[in-house]
Amino acid sequence: MTVLGIETSCDETAAAVVRGPASPEILSNVIRSQIDEHTEFGGVVPEIAARAHIEVLDRIVAEALAEANCSFDEIDAVAATAGPGLIGGVIVGLMTAKAIAMAAGKPLIAVNHLEGHALTARLTDDLDFPFLLLLVSGGHSQFLMVRGIGDYERLGTTIDDAIGEAFDKTAKLLGLPYPGGPAVEQMARKGDPNRFRLPRPLLDRPGLDMSFAGLKTALRTQAQKLEPVDDQTVADLCAAFQKAVAGVLSARTRTALELFRERYPDIQPAIVVAGGVAANQEIRSALTEAAEQAGARFVAPPMRLCTDNAAMIAWAGIERLRLGPVDDMGLSPRPRWPLDQISGSVLGSGKKGAKV
């Protein structure tokens, strides 16, 4: 099957063509970032994001088809993010996908953006169900048990800021440019992670929930004590913050892998990290070490597939197309759509995900 995917949930306008499920192949994956439009505001402005999607999406789709050497007649379905995300952007992408599907006479597949991240490892690493997922992005930080398509159990989440959000706020606090995650990571390379001792919230409690607001507050307190801060102090604060985040994720990952072994004693555990924060090298290194110590497989998609992209949406479309049924043109975008509240069909047919 060959599927056109469209992703517009935040500040990347993306389209891709993917073929599968046998011998998965990304035929094209075109992404247009909106960083320049949002930099002066220090974060994503929803209305600006939606307008930017409108201005370029048609061209991005055309580029993806041309790069894949594929026409609308040659695709088998159109998949688009239907949520969660900024509602304006989600509407732009989903309405475009509906128009293409109707004009070309192709099935429409509405994809949960988080499911796109969750299933990327099956596109890149031929991973079987079940597996653990650590989803870390600008808006989400969750541990999930992935049992099949549309069959997810949330094991733990952040009780306040998501990790990506905490990185962005830390960058803004320290006067670093947007986007905050890469800026903090770059500064951290020049810093001493042991100069400041920052807390690891909730690690004294059982379970898999996380908290990062207190960590951010502790960093602010340290910075205020030393005002005005010089570049080396900023670098040291970034390094300490990044080390604390990696420590929390590493500890929680070990707990999650223990839970997996209890439930599936005859299966080698696998932990997948997905989402934009998965591009952070120190976090990857900490999670890799935690997995190795637990005798588990560690899977992280290539960097280009960690951040928002349309290849993951097209692949999720292929996974769902295998199950049937497709979605109708009356479905509505969903700005809030927890991954553990979807089923094998977006429309809630009750068909559970196939445990392939």
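Just so it is clear, the model here is predicted, and its values are computed rather than measured.
Nearest heavy-atom pair across T157 and S141 is OG1-O, 3.1 Å. Pairing each heavy atom of G116 with each of V111, the nearest pair is N-CG1, 4.4 Å. What you find for C10 and E7 is that their closest heavy atoms are N-OE2, 4.2 Å. Nearest heavy atoms, P107 versus A101: O-CB, 4.3 Å. Annotation for C306 and H117: closest pair O-CE1, 3.2 Å, computed over non-hydrogen atoms. Between P335 and I87, the closest heavy-atom pair is CD-CD1, 3.7 Å.
Looking only at side-chain heavy atoms (C-beta outward), P84 and R334 stay at 4.5 Å or farther from each other. Between D160 and K216 the shortest side-chain heavy-atom distance does not fall below 4.5 Å. Considering only heavy atoms from C-beta on, T2 comes within 4.5 Å of R19 through its side chain. Counting heavy atoms from C-beta outward, F41 and I48 have side chains that approach closer than 4.5 Å. Counting heavy atoms from C-beta outward, R252 and L202 have side chains that approach closer than 4.5 Å. Two residues are said to be in side-chain contact when any heavy atoms from C-beta on lie closer than 4.5 Å; D340 and Q142 fail this criterion. L237 is not listed as a side-chain neighbour of L173, based on a closest heavy-atom distance of 4.5 Å or more. Side-chain contact between W337 and H113 is absent, with no heavy-atom pair separated by less than 4.5 Å.
Heavy-atom neighbours of M95 CE from other residues, nucleotides or ligands within 6.0 Å: at or below the threshold of 12. No more than 12 heavy atoms of other residues, nucleotides or ligands shown are found within 6.0 angstrom of CE on M102.
Of the candidates T81, I100, I60, L94, I6 forms a side-chain contact (heavy atoms from CB on, under 4.5 Å) with just one, namely I100. For the side-chain contact (heavy atoms from CB on, under 4.5 Å) criterion with F143, the lone passing option out of T255, T253, L133, L259 is T253.
Counting only distance, with no hydrogens or angles, the side chain of S211 and the backbone of I159 share no donor-acceptor pair below 3.5 Å. Side chain of T13 to main chain of L57: no donor-acceptor pair is present (N/O by atom type, distance under 3.5 Å, no hydrogens or angles). Side-chain N or O atoms of K98 include none that pairs as donor or acceptor with a backbone N or O of G330 at under 3.5 Å.
We find the OH-CZ distance between Y152 and R147 to be 11.0 Å, quoted to the nearest 0.5 Å. Here CZ of F212 is found 13.5 Å from OG1 of T217. Values are rounded to the nearest 0.5 Å. Distance check: R200 CZ to K243 NZ gives 6.0 Å after rounding to the nearest 0.5 Å. Here R304 contributes atom CZ and N29 contributes atom CG; the two are 6.5 Å apart, rounded to the nearest 0.5 Å. Summarising the geometry, atom CG belonging to L132 is positioned 9.0 Å from atom CZ belonging to R263; distances are rounded to the nearest 0.5 Å. Once rounded to the nearest 0.5 Å, the distance linking CD1 of I54 with OG1 of T8 reads 10.0 Å.
I31 and V56 fall into different hydrophobic clusters, where Ile, Leu, Val, Met, Phe, Trp and Tyr are joined by side-chain heavy atoms under 4.5 Å apart, directly or via other members. Under a hydrophobic-cluster definition in which Ile, Leu, Val, Met, Phe, Trp and Tyr are linked whenever side-chain heavy atoms come within less than 4.5 Å, directly or via other members, M303 and L249 are assigned to different clusters. Side-chain heavy atoms closer than 4.5 Å link hydrophobic residues (I, L, V, M, F, W, Y) into clusters, and following such links, even through other members, never connects V44 to V136. I75 and V3 fall into different hydrophobic clusters, defined by Ile, Leu, Val, Met, Phe, Trp and Tyr side-chain heavy atoms under 4.5 Å apart, directly or through other members. Cluster annotation: L123 is not connected to L4 through the hydrophobic network of ILVMFWY side chains, with a link wherever side-chain heavy atoms come within less than 4.5 Å.
Residue pairs meeting the salt bridge (Lys or Arg N to Asp or Glu O under 4.0 Å) criterion with at least one member in residues 49-59, sequence neighbours excluded, are E47-R51, R59-E63. Pairs passing the salt bridge (Lys or Arg N to Asp or Glu O under 4.0 Å) check and including a residue from residues 268-295, sequence neighbours excluded, do not occur.
In terms of the salt bridge (charged side-chain N to carboxylate O under 4.0 Å, His left out) criterion, R261 has no residue partners (sequence neighbours excluded). In this view, F260 and Y264 satisfy the ring pair (Phe, Tyr, Trp, His ring centres under 6.0 Å) rule, not counting sequence neighbours.
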_Go through it in stages, so that I can follow the logic: the residues are D230 and T233, the test is side-chain contact (heavy atoms from CB on, under 4.5 Å), and I'd like the CA-CA distance, side-chain angles, deciding distance and then a yes or no._
CA-CA 5 Å; D230 57 25; T233 298; 2.7 Å; yes
*Where do L226 and F196 land on the side-chain contact (heavy atoms from CB on, under 4.5 Å) test, with the steps shown first?*
CA-CA 12 Å; L226 298 171; F196 300 104; 3.5 Å; yes
*Derivation and outcome, salt bridge (Lys or Arg N to Asp or Glu O under 4.0 Å), residues R32 and E37*: CA-CA 12 Å; R32 194 268 185 185; E37 284 90 337; 2.7 Å; yes
*Where do L331 and L108 land on the side-chain contact (heavy atoms from CB on, under 4.5 Å) test, with the steps shown first?*
CA-CA 10 Å; L331 66 90; L108 173 71; 4.2 Å; yes
*List the steps, then state whether side-chain contact (heavy atoms from CB on, under 4.5 Å) holds for L27 with E67.*
CA-CA 7 Å; L27 303 180; E67 186 177 319; over 6 Å; no
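No side-chain donor from either of Q224 and T221 sits under 3.5 Å from a side-chain acceptor of the other.
A salt bridge links E165 with K169: the closest approach of a Lys/Arg side-chain nitrogen to an acidic carboxylate oxygen falls below 4.0 angstrom.
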For residues 310-317, which side-chain donor-acceptor pairs fall under 3.5 Å, sequence neighbours excluded?
residue: W315; atom: NE1; partner: L119; partner atom: O; Å: 3.4
residue: W315; atom: NE1; partner: E319; partner atom: OE2; Å: 3.1

Under 3.5 Å, sequence neighbours excluded: what are the donor-acceptor pairs made by side chains of residues 174-193?
residue: Y178; atom: OH; partner: D11; partner atom: OD2; Å: 3.1
residue: E185; atom: OE2; partner: Q281; partner atom: N; Å: 2.8
residue: D192; atom: OD1; partner: N194; partner atom: N; Å: 2.9

